[in-house]
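Everything below concerns the one structure shown next.
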Amino acid sequence: MKALPLAGTGLVLALAVSLAAAPEESSWRMKADYVEACSCHLFCQCYFNKHGEHPMCEFNMAVTVREGHSGNVDLRNAKYWLTGDIGDKWGTEKQGTWVVVSFDPKTTKEQRDALAAIILKTYGLEWGELKVQEAPIEVRQSGDIVEAKLADGREAYLKLRREPGADGKGVVLRNVKYFNAVQNDGFQLYRSLEHRADLEGHQFSYSDRNAFLITIVSEEPKER
């Protein structure tokens, strides 16, 4: 793991620019594949209510950009990982408790700067604590099992098993909004066998909790 000063990553700068820039200056679009798990039981209540199941909702998200751009920056194949606690005020006051953004070392500085604004706008929250670091990200799927590792699993790890459903072919929850994403292909329901994190002074560990795979589209069109 390589910790990065916030200003060095461009995340804080990108946030300031994204909030101040005119729409035509910040046009972007991203289609990304998420492997996600949290501390709620299946299915996470945050997607139907303004609060999680508990006063906190601790999560890991491993994200791979399938395609996308921000201006002339190609975002294809960029990887990042979000670990944090969305807290109890995200739905009423748009405030999250803490989040650590981890960029894979292969993600370029230009991609990181562009993704900073996209990440923040996709969730639309102000974070009480926001940190940035660099660490390798790995995602593997074999049959009904998905594994995702941050820093080879030392800092965060997910092992998920697909929910079989009545026909054994899986369960997909459709027509449910994913935060500020403009489109998604449905929540492929999984259950965590192991879901943990230990980084930047925060630790948690869960099993038999909510998890899913999803592909989302997040975009900001140019002003006409």
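In what follows, every heavy atom counts, from backbone to side chain, and hydrogens, waters and symmetry copies are set aside.
The closest side-chain donor-acceptor pair between Thr83 and Asn60 falls under 3.5 angstrom. Of the N and O atoms on the side chains of Ser207 and Ser192, not one donor lies less than 3.5 Å from an acceptor on the other residue. Under the 3.5 Å distance criterion, with hydrogens and angles disregarded, a donor-acceptor pair is assigned to the side chains of Glu147 and Tyr157. A donor and an acceptor atom, one from each side chain of Glu129 and His202, are located under 3.5 Å apart. The closest side-chain donor-acceptor pair between Ser27 and Glu220, if any, does not fall under 3.5 angstrom.
Contacts of Glu67 classified as side-chain contact (heavy atoms from CB on, under 4.5 Å), with partners at least two apart in sequence or in another chain: Arg29, Lys31, Arg76.
Aromatic ring centres of Phe204 and His195: separated by under 6.0 Å. Between Trp28 and His69, the ring centre distance reaches or exceeds 6.0 Å. Taking the six-membered ring for Trp and the full ring otherwise, Phe179 and Trp90 have centroids separated by under 6.0 Å.
Under the 30°/60° scheme for interplanar angles, the aromatic rings of Tyr178 and Phe187 are found to be tilted. Using cut-offs of 30° and 60° on the angle between ring planes, the pair Phe43 and Phe212 is tilted.
Under the 4.5 Å side-chain criterion, counting only non-hydrogen atoms from C-beta, Cys38 is not in contact with Tyr206. Residues Leu189 and Leu42 meet the side-chain proximity criterion, which asks for heavy atoms closer than 4.5 Å. In this structure, the side chains of Pro105 and Glu134 come closer than 4.5 Å at one or more pairs of heavy atoms. Between Val63 and Trp81, the closest side-chain pair of non-hydrogen atoms is not below 4.5 Å. Side-chain contact between Thr97 and Ile86 is absent, with no heavy atoms from C-beta onward closer than 4.5 Å. The shortest side-chain heavy-atom distance between Leu173 and Val171 does not fall under the 4.5 Å cut-off. Taking the side chain as every heavy atom from C-beta outward, Leu75 and Leu115 approach each other to under 4.5 Å. Between Val146 and Leu158, the closest side-chain pair of non-hydrogen atoms is not below 4.5 Å.
Distance check: Arg66 CZ to Thr215 OG1 gives 4.0 Å after rounding to the nearest 0.5 Å. Considering CG of Asp88 and CD of Glu93, their distance stands at 9.5 Å, rounded to 0.5 Å.
Ionic pairing of Asp198 and Arg154 is not present here: no N-O contact between side-chain nitrogen and carboxylate oxygen is shorter than 4.0 angstrom.
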Next item on the list: Report the C-alpha separation of Arg112 and Glu110 in whole Å, then their side-chain angles, then the decisive distance to 0.1 Å, and conclude whether the salt bridge (Lys or Arg N to Asp or Glu O under 4.0 Å) test is met.
Entry: CA-CA 5 Å; Arg112 298 178 192 195; Glu110 291 75 19; over 6 Å; no
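Remark: Lys177 NZ is packed, more than 12 non-hydrogen atoms of other residues, nucleotides or ligands lying under 6.0 Å away. For Lys79, the NZ atom is densely surrounded, since the number of other residues' heavy atoms within 6.0 Å is greater than 12. For Asp167, the CG atom is densely surrounded, since the number of other residues' heavy atoms within 6.0 Å is greater than 12.
Tested against Ile145, the residues Arg140, Arg162, Arg161 include a single side-chain contact (heavy atoms from CB on, under 4.5 Å) partner, Arg161.
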